[in-house]
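The analysis underlying the following values was restricted to heavy atoms, covering all of them including side chains, and did not include hydrogens, waters or symmetry mates. Atoms within a ligand are numbered from 1 in the order they appear, just like the ligands themselves. The model shown is predicted, which means the values in this text are computed figures rather than measured ones.
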Amino acid sequence: MKKIPFLDLRSQYSSIKDEIDSAIFSVIEDSAFIGGKFVEDFEKKFALYTCRKHSVGAANGTAALFLSLKALGIGEKDTVVVPSMTFMATAEAVSWCGAKVLFADVREDDLLIDTEKINIKDGVKAIIPVDLYGKMVAPGEILKIAEDRNLHVVWDCCQSHGAQISRGREVFKAGRFGDAACFSFYPGKNLGAYGDGGAVVTDSENISNAVRLFSNHGREGKHEHAVEGFNERLDGIQAAVLEVKLKYLDSWNNKRRIAAKIYRERLAPKGLWMQKIEDNDSPSFHLFVIQHSKRDELLDFLGRKGIQTGIHYPSAVHLLKAYSRLGHKIGDFPVSEKAASRILSLPIYPEIKKEQIHFVCDSLEEFIAEKGL
Ligand SMILES: *Cc1c(COP(=O)(O)O)cnc(C)c1O
């Protein structure tokens, strides 16, 4: 079996090359590099896609989170709750505002924020739920806590583009909940640009206006700067690429779901940990994560068979060197810490072939037969 890469952006490009090339050329022809019609068109389509009133492009997902917090007025006196198992950018965005990060541990069965472990004390102004690996955090509990305690919710949807959750007959897409929801279009995400990109979606005109203002030098007119802002805008070329790719997102996600189904059917009987998925969940399967007690050995074993894997993430956020100033120690968020030592992300992308998935599963079975779980 030929090498199985972790991700295959090249083959995705081949399948839409003509459309992408012509979209990029149109931006260059129009010199619509910053702002302009390509950004506006994409923003409109992305708002429709997420069923939100407004969408504002951002330079990347971290900026989307940061600009949303700024728009909500989060600043130096405030504290924001962040799960201890996420990409560190979720926490970084809080620090960029000058606010304090307060970590909360995650649940063992799906590694999403554990609402029972959210410690809401004085100064807490907002929560950032993270749709880790593409599974949406159930909105009910989060929105209830937010309402009871008068907190803002900024949803980190950087891994859940196109994920869905249903309640009764209603279906909600990722990004639908919270005061603002934030997306990253980093190339490897389910909806990825050809460089950095991000977006904030919201139903609030005030938040949308404030995000736009902060992202563009606080500019209200060409030379009228109402506040000191930042330069965190989405580029025209990225917007044009994203507009092409958005049309394919649902079909690409469905292919990921088919791949995930094969993994789950083959691996569940072996007793491997996999993220718990409820019946009403239809995740985006940005990542397909398993756990094993000999994770590093397993990673090497698969690597020798030509199977590329990843770890998302090898350290819980509170134990990263970057957060040593917070004085956390091992044992503070035990579920995240244990998961960090056991998780392994298997290859998953729309273009992955059934034979490749079966080969990964055969290899896992071989490893388990020898080493146990
Ligand atoms: C990718 C990601 C981000 C940050 O996105 P960038 O575009 O890289 O800034 C934030 N949170 C999560 C959970 C992510 O996966």
Kindly give the heavy-atom pair with the smallest separation between Arg295 and Ile343, and that separation in Å.
NH1-O, 2.7 Å
Of the non-hydrogen atoms in Asp105 and Val335, which two are nearest, and what is the gap between them?
OD2-N, 2.9 Å
Which bit of Leu132 is near ligand 1, meaning a heavy atom under 4.0 Å away: side chain, backbone, both or neither?
neither
Look only at interatomic distance and state if [X] has a nitrogen or oxygen under 3.5 Å from any nitrogen or oxygen of ligand 1.
{"X": "Cys158", "value": "no"}
{"X": "Asp156", "value": "yes"}
{"X": "Tyr186", "value": "no"}

What I want to check is whether the side chains of Arg257 and Asn254 have a donor and an acceptor closer together than 3.5 Å.
yes
Between Asn253 and Ser284, do the side chains contain an N or O donor and an N or O acceptor separated by less than 3.5 Å?
no
Judged on heavy-atom distance to atom 4 (C) of ligand 1, which of Asn60, Thr62, Ile128 sits nearest?
Thr62
Mind checking whether Tyr194 and Tyr13 have parallel, tilted or perpendicular rings, split at 30° and 60°?
perpendicular
Can you sort out which atoms of ligand 1 are near [X], meaning under 4.0 Å from one of its heavy atoms?
{"X": "Thr86", "result": "13 (C)"}
{"X": "Val130", "result": "13 (C)"}
{"X": "Thr90", "result": "11 (N)"}

For atom 8 (O) of ligand 1, what is the closest protein heavy atom, and at what distance to 0.1 Å?
Ser184 OG, 4.1 Å
Determine, using heavy atoms of Lys189 and all atoms of ligand 1, whether some pair is separated by less than 4.0 Å.
yes
Quick one: do Asp41 and Lys37 make a salt bridge, cutoff under 4.0 Å?
no
Hey, is Lys70 close enough to Glu232 for a salt bridge, meaning N to O under 4.0 Å?
no
